[in-house]
Structures are given as structure tokens and as C-alpha cells.
Enquirer: 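Encoded as C-alpha cells, here's the structure I'll be asking about.
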There are 2 protein chains.
Amino acid sequence: MAHPLIRKLEQFTRLSADDQRLLERVTSEHVRRIGPREDIVSEGDEPGEIHLILSGWACRSKQLEDGRGAILAFLLPGDLCDLDNFLLRTMDHSVGALTAVTLAGIPRSLFEDLMLNHARIAQALWSSALIDAAIQREWTLNLSQRTAYERLCHLLCELFLRLRTVGLTQGSSCELPVTQAKLAEATGLTLVHLNRMLQELRAANLVVLKSKTLTIPNLEVLMSAALFNPAYLHLDQAGEASDTAAAVPILALDERSDGLQL
Amino acid sequence: MAHPLIRKLEQFTRLSADDQRLLERVTSEHVRRIGPREDIVSEGDEPGEIHLILSGWACRSKQLEDGRGAILAFLLPGDLCDLDNFLLRTMDHSVGALTAVTLAGIPRSLFEDLMLNHARIAQALWSSALIDAAIQREWTLNLSQRTAYERLCHLLCELFLRLRTVGLTQGSSCELPVTQAKLAEATGLTLVHLNRMLQELRAANLVVLKSKTLTIPNLEVLMSAALFNPAYLHLDQAGEASDTAAAVPILALDERSDGLQL
DNA sequence: CGTCAGGTTGATGCCATTCAACTTAGGTGG
DNA sequence: CCACCTAAGTTGAATGGCATCAACCTGACG
């Protein structure tokens, strides 16, 4: 499978062969593996590196003083964990591994070089930061307006589409290596209620979820149940002068579902 | 009152006199005024300008297909409305004026020049974009974990502190030129319930709110009721080599409250 | 002095939480 | 290979925070 970061950035600009080699080199020098539940960066510190996820899942999370806390974002292969550290003084939240994670550490000085002397790469990195912000806005809307059921549908749609852009789906399936407790933290629901929503989703045959594998029999149906509008993911950017514009269809993916469709 | 953008950016870097002049010029060429309820940018379009708020309040908002919608952010003087348009193809949400707003339009080409050829300015603008993202994360946490009451406290704390960094507070007071309906849209509550929370806040003497003026008798008490941790606003950045580091105290602002303190 | 936006109040109901138990699956050591 | 252990998932019943529906009040303005 291609390098997830390059794959992701190529959504935004066509990267030259030089740029690609540079990215590969930069992200292969300080690679380390960490286990589930370990922290990648913690609230308060300002590490000297920017971290990129090469494989595995992580999450941004933040706690209130009294212990309540939430997952604010899922981080997938190709995602940067702590762009904040490039310009801000301290982390205002934590990033933790949900599974075993392979991590590339990019020293700040190197990262600065990328941002200052490689316009194409810089543009793509900032684009992806803007999209992360758009995702965060959509999560805000989620919590504010969607029902528990819609919220869960929406989250699953988003994860599936994001995984697909980095080549981590197989047909209508993908890995979902997280517990229901984590999905609950991300949707702002209790574990108990999330479980019930998930069962409704299964009963309606909108998803099949077994042994950490998610299958979406009919993505369009799930999307409409979620009131999902993929615009916020900006999947259609396809860097100017790109010659692969029509490569990935966004919506047309339904392997015929054989169950009832709500 | 000083230029709100310059005032805001000076949190992050000391800007040279040249940089300041440049910013002043760039933000004074396409100034226009719009009335409350008018849109500044709308979902779907890609205007040729980046918009900056010089005075007045605006909000980011997003709707679901069935009409439900939410306010995702408040935009105050010094805030950019649509940085998205600098790198992304289309707006995935709208920005609308809440009051009469004075707006500076910065042509894309000019903005690009700022970003590419004026490192200090670019760094400050991106820093402020990262902080906007941090604010969005905090709003996510708000909706996910804080109670209605805490949420309202938190919003008022945030607005007050943000207004203070651009010099729009007077002592423990500031303008709050929005209706309860808008506060409800921003906190994910119904108008009715927001009204009740506000009354509780008044009864506890945590805020005084009359004729669009908000007074916070004791900010520390309000902050603790909100479980407010100002770290996410990164108010302490005070650009390296800044000589005004100790200028603005963050927490020490309590005019003695004369009411009961929870 | 009528009108309308903004604000306030009461009654009722539901979505999601809470508490508490139970089941299942996966892993580990005897 | 079974006994045990723990994490993960499931189910039931009761409670409550916030929504909903529906009035009513208030002040600003023409």
C-alpha cells in the first residue's frame, strides 16, 4: 500500500517525484511503534517533533478537571497528530493510540523546511489542516443537532470515506479497531446508549459490525440516514492540473445490499 | 482603538512597522459594510476575496438538509471569516452577520503574497487559524460533556476573553449584541432552556446581562462554574522576542463581587 | 397605540442517562 | 484442554435533563 501521507496529500496537489521522495525520507527517519492506550503527545507539552501516523488508529481527546472527557477526533494513517506544535507553545489536548500505532516523528526544523521551501507540500499540508478543522465543525454540528442514531451513522460514514481516501477499505468493508466505549466517547453518548443505537443500525441492516470489521451494505442509505453531506471532507479537491481527477468515485459504491433497506 | 487584526496577530509575533503598514493597507482597500442577517459568504461558493471582520459580530453556521442548524463559531473583530477559501475549493458552511459589520475584503492574490513573502505575518495568521481550530475542539467538548448551565458559562467566558484580547472590554463588561436565540443556537439548546439557564446564572449573580451589555462580576467564579481552562485560547503566546510579554494578565480581573459566590 | 421582535413562564413528554446485572469472547496459566 | 480472569458487549428498569408546545409579557418603534 502506498505511503498514506503522500496518498492523502495528492488529493490536493500533484506532488513532484522530488517532493514525494523528500516526504518519504522525512517520514522514515524517526519511526517508532507504540502500543494501544499509550499517549503520543499529552496536554501541556511541546515536543520537538511533529508526529505522523503511518499505521494504526489514534484519537485526540480532552478532559475536564472533574474527569469527564471526550474523543474529539479520530486520527488515521496519513494524519498529523500535532500540527499545533509547529506554531503554538503548548498542546491544549492529548493524542493517544487506540491500537498499535506506527509513528513517524518529523523534527521541527525539518518540518519548517518543508513548510518554507517546498510550496507544494506546504500547501497540501495546510489544506489538510483546514479539512481537519472542517471535520471538527461537522462534529460540532453532530453533537448539537443530530440525534444519537444519526450521529452514529454519520461517524461511520465519515470514517469509511476517510479510510477510503488512504486506501484502507476493501469494497464495502473496512477495519474498525475500536471498542464501543470509544465510539461512545466520540459521539457524546453513554456506552449503554451507543450499544442500543448500534443494535438499531444492525437491525435496519445499515451496517454489519463483527470482530472489528465494519461492512456497509449500502453506503447511500447509511449516508441519508446520517444526513451526511460529504462536502466538508473536500474529497473532490483533486489538485489543479491533476491527471487523476476522475479516479475515485465519491458516492457510487453500493454493492447491492441483500437485506431490507429502510 | 487599534486595528483589531494587528492587535490580535501581535499576540503571536512582534510585527515590524513595515508589516503593520502592509496589513493596514491591505485591510483598508476593499472595506464594506453589511447589515445584520446578511451573509458574508455562503455554503458552496468560492469568492475571490478573504474577508476580515473590522467591527461587529458574525457567526459561522451550518444547516442540515431538513432545516436543523447550528452556530459553530462566533467571529469577532480581528477574525478571518473564510480562510478556507485560500486553499480549498468551496465553502462547506456559511458566515453571516449578527450585527452591522464592517468587513475588509482581501483579494486572494494579495493574501497569497502575504502568506508567501511575509513570514512573520504568515506565521501569525496560521497561528490564529490553529487557535480557531482549538476553539472548535473546545466547543465539541462543550456539547459533548458540559451541562447546559456549564456550557453557557463557558461560552460567556470565552467571548469575554476573546473580546479582551482585541480591546473590546471595559473593565468587567463587554458588549453582547446577540439575542438569546443565537446563544441557544450556539450552545445547542432550545431558546426556552437557554433562557432558563441564563436566569439561573443571573440568580447566582454570575453575570449581569441587560440591554446587550454583559457584566461579569467575578470572572474567576464564572470560570470555575464553567470548568473553563483558558489554555486552549493560547493567550500566553506573546511572540518570541516580544517586549510586551507581561502586558495582559489572564486571570486576575476580579472586581470584588458583592453577591453570593457559589 | 398597535405591532412585532425579543424575552419569560408553565405543563408535559421523551430521549438519553444512570444504575445494576448478566453474557460473551479472548487470553493465560495450570 | 479446561478453569479462570478480564475486557467487551448486552439487557432491563427507573430517573432526569432538556425539548416541545403553548401562552403570555415587555419594550422599542412607527
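By convention in this document, chain letters (A, B, ...) are assigned in the order of the sequence lines, proteins followed by strands, and residues within each chain are numbered from 1. These numbers come from a predicted model, not from an experiment. We use all heavy atoms of the structure for the numbers below, so side chains are in, but hydrogens, waters and symmetry mates are not.
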Enquirer: Quick one: is D/dT10 close enough that its OP1 or OP2 comes under 4.0 Å of any side-chain N or O from A/Arg202?
Expert: yes
Enquirer: Would you say B/Arg33 has more than 12 foreign heavy atoms packed within less than 6.0 Å of its CZ?
Expert: no
Enquirer: Is B/Glu200 salt-bridged to B/Arg196, cutoff N-O under 4.0 Å?
Expert: no
Enquirer: Which whole-number value in Å describes the distance from B/Leu98 CG to C/dG6 P?
Expert: 12 Å
Enquirer: So if I take every side-chain heavy atom of B/Asn195 and compare against D/dC18, C/dT17, C/dG7, which nucleotide ends up nearest?
Expert: C/dG7
Enquirer: D/dT10, D/dA19, C/dA16: which one has an atom nearest the side-chain heavy atoms of B/His193?
Expert: D/dA19
Enquirer: Starting from P on C/dT24, measure out to NZ on A/Lys212 and report it in whole angstrom.
Expert: 18 Å
Enquirer: Calculate the interatomic distance between B/Lys182 atom NZ and C/dA5 atom C1'; express it in whole Å.
Expert: 13 Å
Enquirer: Please give, in whole Å, the distance from D/dT10 P to A/Glu200 CD?
Expert: 14 Å
Enquirer: For A/Leu72, is there any backbone N or O sitting under 3.5 Å from a side-chain donor or acceptor partner on A/Arg60?
Expert: no
Enquirer: Measure from CD on B/Gln145 to P on C/dT17 and round the result to the nearest Å.
Expert: 10 Å
Enquirer: Between atom CG in B/Leu176 and atom C1' in C/dG6, what is the gap in whole Å?
Expert: 14 Å
Enquirer: Side-chain N or O of B/Gln199 versus OP1/OP2 of C/dG7: is the shortest distance under 4.0 Å?
Expert: no
Enquirer: Using a heavy-atom cut-off of under 4.0 Å over every strand shown, decide if A/Leu198 touches base, sugar-phosphate, or nothing.
Expert: nothing
Enquirer: Check for a donor-acceptor pair, side chain of B/Gln145 on one end and backbone N or O of B/Asn142 on the other, with a separation under 3.5 Å.
Expert: no
Enquirer: Has A/Arg146 got a side-chain N or O lying under 4.0 Å from the OP1 or OP2 atom of C/dA16?
Expert: no
Enquirer: Less than 4.0 angstrom from a charged side-chain N to a carboxylate O is my criterion; do A/Glu185 and A/Arg68 meet it?
Expert: no
Enquirer: Hey, is the side chain of B/Gln180 poking within less than 4.0 Å of OP1 or OP2 on C/dA5, counting only N and O atoms?
Expert: no
Enquirer: In whole Å, I'd like the distance from the CG atom of B/Leu189 to the C1' atom of C/dC15.
Expert: 15 Å
Enquirer: Would you mind telling me which of D/dT10, D/dC18, D/dT20 lies closest to the side-chain atoms of B/Thr190?
Expert: D/dT20
Enquirer: B/Val192 side chain: which of C/dG7, D/dT20, C/dC19 is closest?
Expert: D/dT20
Enquirer: May I have the distance from A/Leu191 (atom CG) to D/dT11 (atom P), rounded to whole angstrom?
Expert: 13 Å
Enquirer: Among C/dT9, D/dA13, D/dG9, find the nucleotide with the atom closest to the side chain of A/Arg196.
Expert: D/dA13
